[in-house]
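Heads up, the thing below is written out as structure tokens.
Everything numeric in this text was worked out from a predicted model, so none of it was measured. Below, read A as the first sequence line, B as the second, and so on, with proteins coming before strands; counting in each chain starts at 1.
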2 protein chains.
Amino acid sequence: MRSNPAPVVRARGEMATVGEVTPTPTIKTVAEAAGVSPASVSRALNGNPSIAPEIVERVMRAADAVGYRPNGIARSLRTRTTKVIALLIPDIGNPFFTAVARGVTDAAEAEGYTVLLCNTDEDPEKERRHLAVAEQARVAGVVLSPQGRDTDISRLRQSRIPVVVIDRPLREKTDAIVVRSFAGARAATSHLIDQGWSRPACVTGPASADTARARLRGYRAAIREHSGLPEIVAHADFRQEGATLAARELLDQPDPPDAFFVANAPMALGTLAALAERNLRVGSDVGFVSFDDAPWAPYMTPPISVVAQPAHPLGERAARLLMESLRTPTERRPRRITLSPTLIVRASSLRPPRG
Amino acid sequence: MRSNPAPVVRARGEMATVGEVTPTPTIKTVAEAAGVSPASVSRALNGNPSIAPEIVERVMRAADAVGYRPNGIARSLRTRTTKVIALLIPDIGNPFFTAVARGVTDAAEAEGYTVLLCNTDEDPEKERRHLAVAEQARVAGVVLSPQGRDTDISRLRQSRIPVVVIDRPLREKTDAIVVRSFAGARAATSHLIDQGWSRPACVTGPASADTARARLRGYRAAIREHSGLPEIVAHADFRQEGATLAARELLDQPDPPDAFFVANAPMALGTLAALAERNLRVGSDVGFVSFDDAPWAPYMTPPISVVAQPAHPLGERAARLLMESLRTPTERRPRRITLSPTLIVRASSLRPPRG
DNA sequence: TTGTACGCGTTATCAG
DNA sequence: CTGATAACGCGTACAA
């Protein structure tokens, strides 16, 4: 049997060539199919009120007859706007930022925006690159968790791309949503001390990160409020493996700590690993509190006490703040929103009665 | 002292108006500043060989004198290409997909692409919407973890946007990277049985998800290889809370299970919660294995045995496969890559000697 | 090697 | 209410 090829409609009466592909339909294709002008198609598709319902109908039909999909690129070029938000965070693998990302995408999506995800890995160079990409992509706005206090966002300002900084403030004045790291850290450490732990240590992040420093300061404040307590501090890189190393060193000191305040969730896991190596039992041999509530924290043995940050809401609010400032292009003064973390006492920080 | 305002260069000799904003520099601005044609600027900036080094130099200077940033939108419209990949996954909160996302972004970034992140929440409607958005954004390609076997990607095909399907295959023939779920599930369940657990249950995902079904089939296969063992099955929604509910029901049956094979990490946590409620101790009262290695799994008490998927490599390979097919626009036959998971035996699945 | 002119697909302006 | 037309910013064929 001979095959029976279906007839193919070709634009502009071109001849079919071997391997020729049907061109993607444009607004013009639709216009021809509907017997109207491209302008009318545009109006019909965008719900412009000044257009006859009958034409709208005809255009709609024609549009999905030819399988038309609006070209967002062309639209963006013409309107000079984009429906995309860039999200720059250190690491999507950190559950805190995973939750933030979820918050940002949820809020963005609700208003028709999509999210460009960029991991900066606490690397200033990567951060710069991603910022440049975001600028060239003409994203509508940027949600940024900056690597340090001096990240340069002047280019974004020039391009009039609004920025909301999260988690860590910038030296420069910008919209920002931050969490009271100092207060959270102090509360956690005080709690440890109140429980009777006598040598609480702090495992914090790199000194470049504002949150790492704030959490360390909170720890110090609590320590100083109780005379006679030593400060035992280690800086790690906010990552699990780094914390294991740091904790080992602390544990190898002549006078090792008997409790830990750890500055984020991945490092909490890393510290727990070091503890396990030494057969130190959390909640009896050592006290333990970490920053950031992770899904697994309640299910550890014993359950881990944490300073919980409102990560998802933080992401949502950041995105909303951004989109709000998109609607009001007028220069407002920067808004700074400060959220409070919550100390959730589970069992890891509790000290059993001496026996 | 009078302030001494710096002179402002204005394009096209416009008068300064109150509140006037400097227009973002374009290739034209640079051309004027450098005293060459826009075409030369374009060529210089894109490293076109046929252009005098001296001009290149002059253009470069002019470019950053006026603070020029290429407009990616315009470039995309002109070249009909984009450097963005859309990533559609059920939930970035699931550590498996977090790792996949990290893999995709890492590989994409290495070749100058960026990643559009979309959560589908196992919702066909959301999936459709995101697919449409990706199409309109004219993304270069799509990495998709489809909600079901019948997700419609014909529109993408028409638009000649390549798709790599991950984790779950489509009925349709496409590039795909999957993991041997059946084999992994069977190995996990067999291991449980070998350890002497006599009533292993399976908590799997929604029947719509291919992986949920494959893992269930793997469980069943193992059960049937050992006569006399009952099949105890619950379907949940791949989420933590859903699994808690499902596990409770299983536990409330007259003949409750004495071991669990759980189909992903969030549900593992949910199941552990139900177990904890009943004071059932994992590794002594009940056996436990779950799919997906999570960062916390080794640090639970006891450490959780898992079927580890190569999540990060999977993401990397998906992105690379996509970008490869971007380079070879010729129609190749679909590639299907199958990765093997690894059973990692820790303590949760081990059965203590009867005593 | 360089410049001119056109088109990528849309939307906005301006007549009719 | 509708249609021509210009412009968004860039890359490239073509001409010089």
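At a threshold of 4.0 angstrom between heavy atoms, the contacts of L77(A) include nucleobase atoms, whether or not backbone atoms are also involved. Residue contacts shown for I73(B) are absent, as no nucleic acid heavy atom lies under 4.0 Å away.
Residue K126(A) places its NZ atom among more than 12 non-hydrogen atoms of other residues, nucleotides or ligands, all under 6.0 Å distant. For CZ of R58(A), the number of neighbouring non-hydrogen atoms (other residues, nucleotides, ligands) closer than 6.0 Å is greater than 12. Environment of CZ in R102(A): crowded, with over 12 heavy atoms of neighbouring residues, nucleotides or ligands closer than 6.0 Å. Counted within 6.0 Å of CZ on R149(B), heavy atoms from surrounding residues, nucleotides or ligands total more than 12; the atom is thus considered enclosed.
Atom pair E57(B):CD and dT1(C):C1' shows a separation of 18 Å (rounding to whole Å applied). In this entry the distance linking CG of N48(B) with C1' of dT1(C) reads 10 Å, nearest Å.
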What nitrogen or oxygen pairs link the protein and nucleotides 10-14 of chain D at under 3.5 Å?
| residue | atom | partner | partner atom | Å |
| --- | --- | --- | --- | --- |
| dC10(D) | OP1 | Y68(B) | OH | 2.5 |
| dC10(D) | OP1 | N71(B) | N | 3.1 |
| dC10(D) | OP2 | I27(B) | N | 2.5 |
| dG11(D) | OP1 | N46(B) | ND2 | 3.3 |
| dG11(D) | OP1 | R75(B) | NH1 | 3.4 |
| dG11(D) | OP2 | S42(B) | OG | 2.9 |
| dG11(D) | N2 | R78(B) | NH1 | 2.3 |
| dG11(D) | N3 | R78(B) | NH1 | 2.3 |

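OP1 or OP2 of dG9(D) sits under 4.0 Å from a side-chain N or O of R80(A).
No side-chain heavy atom of R128(B) sits under 4.5 Å from any side-chain heavy atom of T151(B). Contact check for N71(A) versus Q136(B): no side-chain heavy atoms found under the 4.5 Å cut-off.
Listed by chain and number, the residues in a side-chain hydrogen bond (donor to acceptor under 3.5 Å, both in side chains) with R80(A) amount to none (sequence neighbours excluded).
The residue from R333(A), R335(A), R332(A) that alone fulfils the salt bridge (Lys or Arg N to Asp or Glu O under 4.0 Å) condition with D175(A) is R332(A).
Axis angle between the ends of the helix from dT1(C)-dA16(D) to dG16(C)-dC1(D), five pairs each and rounded to 10 degrees, works out to 40°.
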